[in-house]
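The block underneath contains the structure these notes are about, expressed in structure tokens.
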2 protein chains.
Amino acid sequence: MQHEVLVAVFQKRDDELCVLLWQRALAPESGTWSLPGGALGADEDLPASATRQLAEKVDVQELAHLEQLSVFSDPHRVPGPRTIASTFLGLIPSPSDPHLPPDTRWHPVSDLPQTSFDHGVVIRHARRRLAAKLSYTNIAFALAADEFTMSALRDLYTCAIGHAVDTTNLQRILRRRGVITPTGKTAPPGRAGGWPAALFRFTESRLRVTDEFAVLRPPV
Amino acid sequence: MQHEVLVAVFQKRDDELCVLLWQRALAPESGTWSLPGGALGADEDLPASATRQLAEKVDVQELAHLEQLSVFSDPHRVPGPRTIASTFLGLIPSPSDPHLPPDTRWHPVSDLPQTSFDHGVVIRHARRRLAAKLSYTNIAFALAADEFTMSALRDLYTCAIGHAVDTTNLQRILRRRGVITPTGKTAPPGRAGGWPAALFRFTESRLRVTDEFAVLRPPV
DNA sequence: ACAAAAGTGTTAGTTGTACACCCATGG
DNA sequence: CCATGGGTGTACAACTAACACTTTTGT
């Protein structure tokens, strides 16, 4: 019984949420696109393995967040010896361009190529998890730049969550929760003019739940 | 490399949330209390294995809900050959008393005995997950009876979530979300008198998220 | 001057909590 | 007729979505 790790690595690129995939050269399912990953090593746990695989195979170093998703354990999920897959969600900040091997490419999640085995399901799971956590945690820190304008952050939320987001309300929510902090600095306006935008940063760069109990919260 | 399944099975018993544990007779860690589970079979996936183990070893048949928690993969989490543990949360409805082997017993989660290996961590994870899901899903269906009064349901929430819950508001929330439905019937009052309580049932008996987006919800 | 982009403010609606009050029943 | 406990209603606070208006800047 084998054990592999699969990571759905997301990054925002050109106003699209993208996922990192590599194209299989050999059978089975040659030509289809796979998630990065590989066999679990003898003396590492799953998160360590995921980090190592990404560093080794696709030169991804700047992983800002990594979390476990579910385990895929169908005895016949892949041909050959039985292999259990532990899947992960990985996030990379936006202005960063890791060096990729030639068979590896970023694909917009809205337009995926044919994926290998059950990897398409994994990607959908990961995307749902990301969208959900954007609304009650500070997880966006792992996709954003160190410093950013509100409109950049709005674009990030918009493409990651899949629908329009109001900049004003987004700022209100994130500031009240203490998720973002103004730096005091401003960014120069674009070439079309406009008010110089204030710069913000995420207060923390570790996952934190910011809206734990929507209802049935404990009494004060 | 071995792969085992561990299940934290919860039930409300006597106004206490309880978890099912069995006491190890042999080394290692003899005398400590363990979660039910065992090795993953060659031709079953993880949920099937969890269900089978419970049915075989502790005669638990009425599992109303089962979901995956995280995987414990520390190479040295247990002595002997390396064993990866996939953990699950299992729920059993309240008026039900499965036949248990002599070494197996229900333990209130507020007063756990000494647990084996990392099983204590698993129990805490499971409990947190349950408490969280009570507030945004209909997961309580798996702990409640077929029909119940609001005060019975309030007691269930109170002991599962760990703090007082207002009956009136609980009913309002759950009815608005369509989680519970009145049956029209009433229960006779207790021996001290009082208004006969209305009976309700859960609208669905499959997990459903009822409060997906607390904020940043999609436009109508 | 004008358009673009960001800041400011307001309104209205929803949701949840806390709490007071009313009513049916058994002793 | 009273205590008990469930039902009904209201007041209040918190939050959010939607959107109009104002201000600064580059062309």
Side-chain angles (χ1 to χ4, degrees), chain A residues 15 134-137 147-158 161-200 209-220, chain B residues 15 131-132 134-137 147-158 161-200 209-220:
Chain A
D15 277 303
L134 279 172
S135 87
Y136 67 93
T137 72
E147 301 197 338
F148 48 84
T149 65
M150 277 314 297
S151 55
L153 191 62
R154 185 230 318 127
D155 290 344
L156 171 61
Y157 271 79
T158 299
I161 216 171
H163 64 78
V165 174
D166 183 291
T167 320
T168 306
N169 297 332
L170 182 64
Q171 184 182 150
R172 232 196 306 264
I173 291 168
L174 297 182
R175 291 188 68 168
R176 172 148 30 102
R177 295 182 177 176
V179 172
I180 59 176
T181 316
T183 64
K185 291 182 273 185
T186 58
R191 60 183 64 91
W195 189 312
L199 287 171
F200 294 83
V209 174
T210 57
D211 190 25
E212 187 139 24
F213 296 98
V215 296
L216 306 178
R217 41 183 171 272
V220 288
Chain B
D15 279 302
L134 280 172
S135 88
Y136 68 92
T137 72
E147 302 195 337
F148 47 84
T149 63
M150 278 313 299
S151 55
L153 191 63
R154 186 231 316 128
D155 289 345
L156 172 61
Y157 271 80
T158 300
I161 217 172
H163 65 77
V165 174
D166 182 292
T167 321
T168 305
N169 297 331
L170 181 63
Q171 183 181 152
R172 229 197 308 266
I173 292 169
L174 297 182
R175 291 188 68 168
R176 185 186 10 227
R177 296 182 177 175
V179 172
I180 59 174
T181 316
T183 63
K185 289 182 274 186
T186 58
R191 62 184 62 95
W195 190 313
L199 287 172
F200 293 82
V209 174
T210 58
D211 190 26
E212 189 138 25
F213 296 99
V215 296
L216 305 178
R217 40 180 170 271
V220 288

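Lettering of chains follows the sequences in order, A, B, ..., and the numbering in each one begins at 1. Nothing here was measured: the structure is a model prediction, and the numbers come from that model.
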Working to the nearest 0.5 angstrom, can you tell me the gap between R217(A) CZ and H163(B) NE2?
10.0 Å

For a quick check, with a 4.0 angstrom heavy-atom cut-off, what is the B/S/- contact string for nucleotides 17-27 of chain D, read 5' to 3'?
BBB---BBBSS

Can you tell me how far [atom2] of [N] sits from [atom1] of [X], to the nearest Å?
X	N	atom1	atom2	answer
Q171(A)	dA5(C)	CD	P	18 Å
R175(A)	dT16(D)	CZ	P	15 Å
I161(B)	dG16(C)	CD1	C1'	13 Å
D211(A)	dA14(D)	CG	P	15 Å
R176(B)	dG13(C)	CZ	P	16 Å
F148(B)	dG6(D)	CZ	C1'	16 Å
Y157(B)	dG16(C)	OH	C1'	15 Å
L174(B)	dT17(C)	CG	P	11 Å

Test applied, side-chain contact (heavy atoms from CB on, under 4.5 Å); reference residue, M150(A); option that passes from L199(A), D155(A), T168(A), I180(A):
I180(A)

Which atom names give the shortest non-hydrogen contact between [X] and [Y], and what distance separates them?
X	Y	answer
R175(B)	P182(B)	NH2-CG, 3.5 Å
T149(A)	A197(A)	CG2-CB, 3.7 Å
L216(B)	L134(A)	CD1-O, 4.0 Å

So do L153(B) and F200(B) actually touch side chain to side chain, heavy atoms under 4.5 Å?
no

Can you tell me if the side-chain N/O atoms of S151(B) get under 4.0 Å from OP1 or OP2 in dG6(D)?
yes

